[in-house]
Protein chains: 2
Amino acid sequence: MQKKSSATIYDVANRVGVSLATVSRVVNGNSNVRESTKRKVLDAIEELGYHPNAVARGLASKKTTTIGVVMPDVTDMYYSELARGIDDVANMYHYDVLLTNTDEDPVRETMAVNNLASKQVDGIIFMGNELDNEIINTIIGVDAPVVLAGSVDEAGKLPSVNINYIDAVKEATEAIIKNGHTRVALVTGPMTHAINRLHRLVGYKAALEEAGLEFDESLLFSAHQDYASGLQIAEKLFLAEASAAVTYDDEIALGIMNYMREHGKRIPEDFEIITANDTKFTIITRPQLTSIGQPKYDIGAVAMRMLTKLMNNEVIEETQVQLPHSLERRGTTINPNHVIQ
Amino acid sequence: MQKKSSATIYDVANRVGVSLATVSRVVNGNSNVRESTKRKVLDAIEELGYHPNAVARGLASKKTTTIGVVMPDVTDMYYSELARGIDDVANMYHYDVLLTNTDEDPVRETMAVNNLASKQVDGIIFMGNELDNEIINTIIGVDAPVVLAGSVDEAGKLPSVNINYIDAVKEATEAIIKNGHTRVALVTGPMTHAINRLHRLVGYKAALEEAGLEFDESLLFSAHQDYASGLQIAEKLFLAEASAAVTYDDEIALGIMNYMREHGKRIPEDFEIITANDTKFTIITRPQLTSIGQPKYDIGAVAMRMLTKLMNNEVIEETQVQLPHSLERRGTTINPNHVIQ
DNA sequence: GTGAAAGCGCTAACAG
DNA sequence: CTGTTAGCGCTTTCAC
């Protein structure tokens, strides 16, 4: 079980009787090497068990083939599915990913980005909606391209990939209004986040307005994205006499659903719910959750693809990508079309 | 938005009029620096916006303060919770984590470990149970300590942190047998995996034997850990006339539960289920899932803690750590003690 | 096609 | 307490 300190490029050059440069050339697939010497070098590499030292290579070439991913929490299904999309295409392009959890704490987000920069990552994918000025500035100041995934900045200037949250929430709200509801609640995160104030809320209000319904501030709720918060909000929903809710997180929706049912409400007959992340949670419960459908894996994958282009200094036609969303009608809404499921 | 190519240690040394070594000393908190020059260096660092280049540092010091994490899939709740535990203590010790998904493919696992090694990580946490000889050998051959988390190797020789799967499954099986069942199924992954053959199955058989029940191979099922597999297995469970099941994955348990209920079985009256990962899934469904309780976050955290010790060449009393488990009685079993929940 | 030489930015003895 | 001097292992002009 002894650890042999691995061979260096120097060792293989020596063994074959060529220069470092030549070995470097074959290792990097450079064409300018005679086939016969290439052969010999390859053999020597095999025999010596030589593996290039990526750190040395990174220092010399100023490319680490590593990208950083900054995200709120790996255990959050929504983000972990984005992360999977990112990781898969990162691998496809031979990048490794350095992962950091921030719990959406701006201080940790800033530290994470700076730390990634000092590790000389070639690019960064950022997820999180607490995009205050400080974090925006550090993102802009970093010497590596950054793209937001499933997150929006206030100015809407940073490269990003998302769905159209305005439309998605508007459609969800409309669907519920069409079922006759007049008191539909909107459950989002804090209004200090652009995604809530400038997107979700706007979509919600638009649906209300088109339906001739008055906007009622008491029907607006802010909750942290977890099950416990859902339970808490549900109680308030009850008091506010809401008869339906559009929520931005599946765990919250679950909390609301369970609370309502345990307090005598039938779902969807007495209370309708539309959630927004369309994670596995929406399928495994009974009833299943009606949800805005969003291509989470693809959001991550496309963001990563965009990042590869940015890292190669390719020109990009559009850096504000919006992927298509849908409305997945399931069991927490009464569906107009007689879909028996 | 211009990216300033950041200052080097040479720049700050120059500015202050000291040598590189001195700057290096203050950056690394080395005590042997006069307070006044330290002050000046710190100021220069501030003014120049100097950030140490971790790659150069890694090459020179042969430490990257980066560890690798190899896992089946970030979107699997069980593993993502382990990953969170790992990441938190990694940060605590100022390590960054390089994450790789393998989908339990031995080829990708081997590649991942080798790749991590070439990136000169200081250590690796490995999760996955497809530990064949090749991957074991590459783990052993790597020039960095490796610890398994939530995974066991056949020989039980590698550093690892787990729960006692034998006992856990035995207790779960016993609990079900005590409720009068004679045909309790065991749903695990492939028997080629040590964790299934040498641990789970052994615990299951032990419970059977103590209860004087015959082992029936037709009550043994292997399934991939996802919801769809649960649905499929459920059908077979039905045919095998099992009246209860112990399963190793929550999504599988959910599939079984939903299938059974949709086919006229009441849970737990007609069919009892005990799952094993105790993820969020077990709480949000109705009924809630009875589960073996395991400290997932802690498994990751303790594994990472052990890795830090290994990386520092500290002596470790015990490299085969088993954390305590429990049995969380919830709604998919009939509970002896009159717990109204 | 191949080699020589100069770094990449930093750490780590070793002097003084 | 501080400076000098070698590298760490590899890429990359620039010659030949």
Side-chain angles (χ1 to χ4, degrees), chain A residues 4-42 44-45 48-66 94 115 117-122 143-144, chain B residues 4-42 44-45 48-66 94 115 117-122 143-144:
Chain A
K4 68 282 171 118
S5 62
S6 49
T8 72
I9 197 173
Y10 180 80
D11 297 327
V12 1
N14 248 14
R15 197 174 210 296
V16 184
V18 295
S19 72
L20 303 189
T22 300
V23 177
S24 178
R25 288 193 185 95
V26 351
V27 168
N28 293 296
N30 188 311
S31 49
N32 289 31
V33 182
R34 194 191 301 148
E35 189 59 34
S36 63
T37 76
K38 181 177 173 182
R39 195 59 296 121
K40 286 191 282 185
V41 170
L42 253 18
I45 286 177
L48 265 40
Y50 167 72
H51 288 285
N53 178 324
V55 174
R57 179 181 283 184
L59 182 59
S61 69
K62 310 202 148 288
K63 288 191 180 312
T64 54
T65 61
T66 299
H94 303 295
N115 179 240
S118 86
K119 289 253 171 163
Q120 313 298 120
V121 294
D122 296 337
D143 182 28
Chain B
K4 66 283 171 115
S5 64
S6 49
T8 72
I9 196 171
Y10 179 80
D11 298 326
V12 1
N14 248 15
R15 197 175 212 294
V16 184
V18 294
S19 72
L20 304 189
T22 300
V23 178
S24 177
R25 287 192 185 96
V26 349
V27 168
N28 293 296
N30 188 312
S31 50
N32 288 30
V33 183
R34 193 193 300 147
E35 189 58 35
S36 64
T37 75
K38 180 176 172 183
R39 193 66 288 126
K40 286 190 284 187
V41 170
L42 253 17
I45 286 177
L48 266 41
Y50 166 72
H51 288 286
N53 179 322
V55 174
R57 181 181 281 183
L59 183 59
S61 70
K62 313 206 145 282
K63 289 192 178 314
T64 54
T65 60
T66 299
H94 303 295
N115 179 241
S118 86
K119 289 254 171 165
Q120 314 297 119
V121 295
D122 296 336
D143 182 29

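Letters A, B, ... are given to chains in the order of the sequence lines, protein chains preceding strands, and every chain is numbered from 1. Keep in mind it's a predicted model, so treat the numbers as computed, not measured.
- Here A:Lys40 pairs with nothing under the salt bridge (charged side-chain N to carboxylate O under 4.0 Å, His left out) rule; sequence neighbours left out.
- Look at CG on A:Leu59: it is 4 Å from C1' on C:dC8, rounded to the nearest Å.
- When all heavy atoms of A:Leu59 and B:Ala56 are compared, the pair lying nearest together is CD1-CB, 3.7 Å.
- Put simply, the side chain of B:Ser118 never gets that close to the backbone of A:His51: no donor and acceptor are under 3.5 Å apart.
- Mapped onto DNA chain D by nearest heavy atom, A:Ala54 and B:Thr37 fall at different nucleotides, with B:Thr37 at the one closer to the 5' end.
- With A:Val41 as the partner, the side chain to side chain contact (heavy atoms under 4.5 Å, CB included) test is satisfied by one option alone out of A:Val27, A:Val33, A:Val23: A:Val23.
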Walk me through whether A:Thr66 and B:Lys119 qualify under side-chain hydrogen bond (donor to acceptor under 3.5 Å, both in side chains).
CA-CA 10 Å; A:Thr66 299; B:Lys119 289 254 171 165; 2.6 Å; yes

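- Annotation: salt bridge (Lys or Arg N to Asp or Glu O under 4.0 Å) contacts involving residues 30-39 of chain A, sequence neighbours excluded, are absent.
- Taking all atoms of both residues into account, the shortest heavy-atom contact from A:Thr64 to A:Gln120 is OG1-O, 2.9 Å.
- The 5' end of DNA chain C is approached more closely, in terms of each residue's nearest nucleotide, by A:Asn32 than by the other of A:Asn32 and A:Ser61.
- In terms of heavy-atom proximity, B:Val12 sits nearest to B:Tyr50 at CG1-CG, 3.9 Å.
- Distance CG (A:Asn30) to C1' (C:dG3): 14 Å, rounded to an integer number of Å.
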Does the side-chain contact (heavy atoms from CB on, under 4.5 Å) test come out yes or no for B:Leu42 and B:Val26, once each step is laid out?
CA-CA 8 Å; B:Leu42 253 17; B:Val26 349; 3.6 Å; yes

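- Residues of residues 9-25 of chain A that place a heavy atom closer than 4.0 Å to DNA chain D, in numerical order, are A:Ile9, A:Ala21, A:Ser24.
- Counting 5' to 3', DNA chain D first comes under 4.0 angstrom of a heavy atom of chain A and last does so at the ends given by D:dG9 to D:dT12.
- Comparing A:Tyr50 and B:Lys38 along DNA chain D, the residue whose closest nucleotide (by nearest heavy atom) sits nearer the 5' end is B:Lys38.
- Across the helix from C:dG1-D:dC16 to C:dG16-D:dC1, the helix axis at one end is tilted relative to the axis at the other end by 30° (nearest 10 degrees, each axis from five pairs).
- The shortest distance between the side-chain N/O atoms of A:Lys62 and the OP1/OP2 oxygens of C:dG9 is below 4.0 Å.
- What separates CZ of B:Arg57 from P of C:dC8 is a distance of 18 Å, to the nearest Å.
- Residues B:Ala44 and B:Arg15 share a closest heavy-atom pair of CB-CD, 4.1 Å.
- Remark: A:Asn28 engages A:Ser24 in a side-chain hydrogen bond (donor to acceptor under 3.5 Å, both in side chains) (not counting sequence neighbours).
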